[in-house]
Each structure stands twice: as C-alpha cells, then as structure tokens.
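Single-structure report; data block below.
Every number for a ligand or one of its atoms is a count from 1 in the order of the listing.
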Amino acid sequence: MLMKKTLKSFTEQIDEAARIIKSGGVIAFPTETVYGLGANAFDREAVNKIFAIKKRPQDNPLIVHIAKIEDLPKIVDDIPPISLKLAKHFWPGPLSIIFPKKKIIPDIVSAGLSTIAVRIPDNAVAIELIKKSGVPIAAPSANISGKPSATHHKHVLDQLGSRVDMIIEAGQCKIGLESTVINTLTNPPTILRLGGLSTDEIEEIIGKVNTSEKKDSKPLSPGMKYKHYAPMGKVILLAMPNEYSKMTVNEICKYFRNKVLETIEHKAQGAKNVGIITTDRNKNSFPGKYFVFSLGNRNRSTEIASNLFKALNKMDEKGIETIIIESFPKIGLLAGVMERLERSSAK
Ligand code: TXA
Ligand code: MG
C-alpha cells in the first residue's frame, strides 16, 4: 500500500513538473548524480531563468538531458562513431558527451559555444519527466554557483528555496558526484571534468584519453575556471601521507587521526564551530565539541563519493566555520572526490 502511495505521489509530482517545464518554468529534479535545475532546452527565456536563479556566470554552458538515444539527432549536428560507442555503452548514466550543436538549441544553453554536452540520466523520475515534458531539458546542478551540489531535495530547498517553481522530492541521489564530461571531438578524447564515471571505465571502452589539465593554461571546460563546491566555512584539506601506497588502511586512518588533532591544536586553534569530515574508523575519535561527519568506509569509494556533498551541505546547515577534511588517493571515483575537495578548499 505504501509503495502505491509513493508511486502515485511521484507521478503527480512529475506531471506537475512537466506542466511547468512546458509553460517555460524552472524546476529541480533528481538524477542519479546530483539534483538538476531544469528548463525546456529549446526555450531561451526559460533557460535564462536558470542562470538568474543560481547566479551562474553566462559563459558557463549547461548540460542537455534527453530520455532516449534516438532523440540525439534532433539536437546535435553530428554523432562521431566514438561518441555513439560511449553513449551506447554508458547511457543512461553519469557521462556527458560533447557534440556539435544544432541551431535549434539556443546559444544561451551552450554559452555561445558551437558544441553542447548531452546525457541520459539513470533515474526513473528524470526519464519520466523528460518524456512527459516532450522536450530536452537543459540543467546545471541545482545549487547556487560556487556552492556544494545538492544530492538531496532538502539541499535544493536550503539553497534555492522559493526561487524555483517546483522541487521534485525524491530523496537521496544514488551516485552523489556530477557526471564525467568528455569531449570526443579531440583526438585522443579529453576528459573535461572528472565525475561519476572513472577514467579507467572509459578507457576500457575507447582506449587512452587525455585527462591532464595544465595549470595556467585556458581551462578545458568553461565551468572549471570558477571556484566551486565551497561551503561557508574555511576548508582545511589534509594531504595524503607520502608513503600511503605502502600503508594499510588502518595506518592511514591513524595518520589522519593524529593530523586532525594536530590541526585543531595549531591551525584551527581558537576556532569556534570546528567540523571534521572523516571516515568510519575515525568517527568516534574526536568526541565532544566537534561536529564529526563520516563519509563512510575508506575502502568503499562509491560510499565516500555518495556522501561527499551531503557532508559539505551538512557543514553549512550546522554553521561550521572551520572544516578539517581527510584526503583520498586519486584513483577511480576518488579522483573525482579529490578534485572537488581541492576546489572546495581553494582560496
Ligand atoms: O551530473 C551532472 O552533470 C549534473 C546533472 C544535473 O546532470 N549537471 C551538472 O551540470 O553538473 P553543471 O552545469 O553543474 O556542470 C556542467 C559542466 C560545467 O563544467 C560546464 O562548463 C561543462 O559541463 N560543459 C557544459 N557544456 C559544455 C560544452 N559545450 N563544452 C565544454 N564544457 C561544457
Ligand atoms: Mg555544478
């Protein structure tokens, strides 16, 4: 019975959201990665509202979400074989692929670029919403620009509240990291943003890709030049121990436990409202006046990734002023986690 009620309420929410999309409004909807702030991708005015609501710089393009691969030719001019191979393999899923844009997609969506990023999300509510809206949905992450992304409808409510026409309440996102963005128009293809799909998983399908983003050079993706994922408090990201590859997980946890205590004593001395983002083994090591949040088991990268934005949003909810965070090796999904942590701690 409960199941039936839940399903019905989803259907009602999706119907209402689709009506809003069709009439030029902006809604927040769940995907498997993070919540998106969506509007009709064909409607210039509607897309313009997205930029205003999240205070997004106009030169940062949006991702266009479709429900089935057959809809791709309606919005892109060319589908290179390598892109089709990736799409067929990973869609629906956390991979956004860059294509040459068709004129029917207004320039505001691509921030004036001749290309657009497209993906099919792996989330039943999102797919149903796109189908019922009858149009592709342009959507960035549903957060204020520069703030941590929203992985639960409560985060959207906290950050955007009444500024959006509707928020679909679908609870927690499964993956919790944004999609990986890849440009297959370069040879070799280039990963523009690390995310929910690891470089290894992509290379297994299409061979070597380029991931290096040289410091000081023009950012590969417009979105990568902005400060990102930053909670209100000051973030102190602790470095991995030099010898971590020779250490056991236990030793690494012990190392971080000491580093956190040392940091509280020195760098965060006298700071009020200290928050600690740690992992399971250390979660009971800092009793008392600190707000401790565990990202989960250090051995389970999917767990760590899915809790990352929850942790950062929680720090804001609690009004934490200084946040001390453990690091992870830049391997697989954790490379995406570290990219976000490094940017959240950037000055
Ligand atoms: O998982 C996700 O990707 C989520 C959900 C809602 O789908 N969306 C998301 O969108 O994270 P956003 O706007 O926060 O990030 C999109 C990224 C930005 O870094 C943007 O610069 C890049 O994709 N991007 C979009 N279109 C591009 C293009 N044509 N060329 C290069 N980069 C592009
Ligand atoms: Mg974003």
Count the heavy atoms of every other residue, nucleotide or ligand shown that sit under 6.0 Å from NZ of Lys318, and state whether that count exceeds 12. no
Can you tell me if Arg163 has over 12 outside heavy atoms packed within less than 6.0 Å of its CZ?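 Yes - once you tally the heavy atoms of other residues, nucleotides and ligands closer than 6.0 Å, there are more than 12.
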Using residues 76-95 as the side-chain source, report each donor-acceptor pair under 3.5 Å to any protein atom, sequence neighbours left out, with the distance given to one decimal.
residue: Ser83; atom: OG; partner: Thr184; partner atom: OG1; Å: 2.8
residue: Lys85; atom: NZ; partner: Ile205; partner atom: O; Å: 3.4
residue: Trp91; atom: NE1; partner: Leu95; partner atom: O; Å: 2.8

Looking at every heavy atom in both [X] and [Y], which two are closest together, and how far apart are they?
{"X": "Leu194", "Y": "Thr199", "result": "CD2-OG1, 3.7 Å"}
{"X": "Ser301", "Y": "Leu334", "result": "CB-CG, 3.7 Å"}
{"X": "Asn313", "Y": "Ser149", "result": "ND2-O, 2.9 Å"}

Side-chain donor-acceptor pair under 3.5 Å between Ser179 and Thr33, yes or no?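 Their side chains do not contain a donor-acceptor pair, so the 3.5 Å distance test is not met.
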Can you see whether Asn143 engages Ser141 through a side-chain donor-acceptor pair at a distance of less than 3.5 angstrom?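 The answer is yes; a qualifying pair exists.
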Below a 4.0 angstrom heavy-atom separation, can you tell me which part of [X], side chain or backbone, both or neither, approaches ligand 1?
{"X": "His228", "answer": "neither"}
{"X": "Ile63", "answer": "side chain"}
{"X": "Leu62", "answer": "backbone"}
{"X": "Arg119", "answer": "side chain"}
{"X": "Asn183", "answer": "neither"}

Contact (N/O only, under 3.5 Å) between [X] and ligand 1:
{"X": "His65", "answer": "yes"}
{"X": "Tyr35", "answer": "no"}
{"X": "Ser179", "answer": "yes"}
{"X": "Ser96", "answer": "no"}
{"X": "Thr31", "answer": "no"}

Protein N, O or S within less than 2.8 Å of the Mg ion (ligand 2), waters excluded: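 Near the Mg ion (ligand 2), below 2.8 Å, one finds Ser141 OG.
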Can you name the atoms of ligand 1, numbered from 1 with element, that are less than 4.0 Å from a heavy atom of [X]?
{"X": "Pro140", "result": "6 (C), 10 (O), 12 (P), 13 (O)"}
{"X": "Leu192", "result": "31 (C), 32 (N)"}
{"X": "Leu113", "result": "28 (C), 29 (N), 30 (N)"}
{"X": "Val181", "result": "23 (O)"}
{"X": "Val34", "result": "4 (C)"}

Residues 235-246, side-chain donor-acceptor partners within the protein, below 3.5 Å, at least two apart:
residue: Glu243; atom: OE1; partner: Lys246; partner atom: NZ; Å: 3.4

Tell me the nearest of [options] to [atom], using heavy-atom distances.
{"atom": "atom 8 (N) of ligand 1", "options": "Ser141, Ser149, Ala150", "result": "Ser141"}
{"atom": "atom 21 (O) of ligand 1", "options": "Val118, Asn60, Asn143", "result": "Asn60"}
{"atom": "atom 25 (C) of ligand 1", "options": "Gly176, Ala139, Pro61", "result": "Pro61"}

Could you give the distance from [atom1] ([X]) to [atom2] ([Y]), rounded to the nearest 0.5 Å?
{"X": "Asn307", "Y": "Arg300", "atom1": "CG", "atom2": "CZ", "value": "11.0 Å"}
{"X": "Ser114", "Y": "Lys103", "atom1": "OG", "atom2": "NZ", "value": "10.5 Å"}
{"X": "Asp316", "Y": "Ile320", "atom1": "CG", "atom2": "CD1", "value": "9.5 Å"}

For the side-chain contact (heavy atoms from CB on, under 4.5 Å) test, which of Thr115, Ile75, Asp107 pairs with Lys101?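 Testing Lys101 for a side-chain contact (heavy atoms from CB on, under 4.5 Å) against Thr115, Ile75, Asp107 leaves exactly one candidate, Asp107.
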Would you say the side-chain atoms of Glu321 pair up with the backbone N or O of Asn273, donor to acceptor, closer than 3.5 Å?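 No, the answer is negative, given that no donor and acceptor are paired below the 3.5 Å cut-off.
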Contacts of Thr279 meeting side-chain contact (heavy atoms from CB on, under 4.5 Å) (sequence neighbours excluded), chain-then-number -> Cys253, Arg298, Ile304, Glu326, Phe328
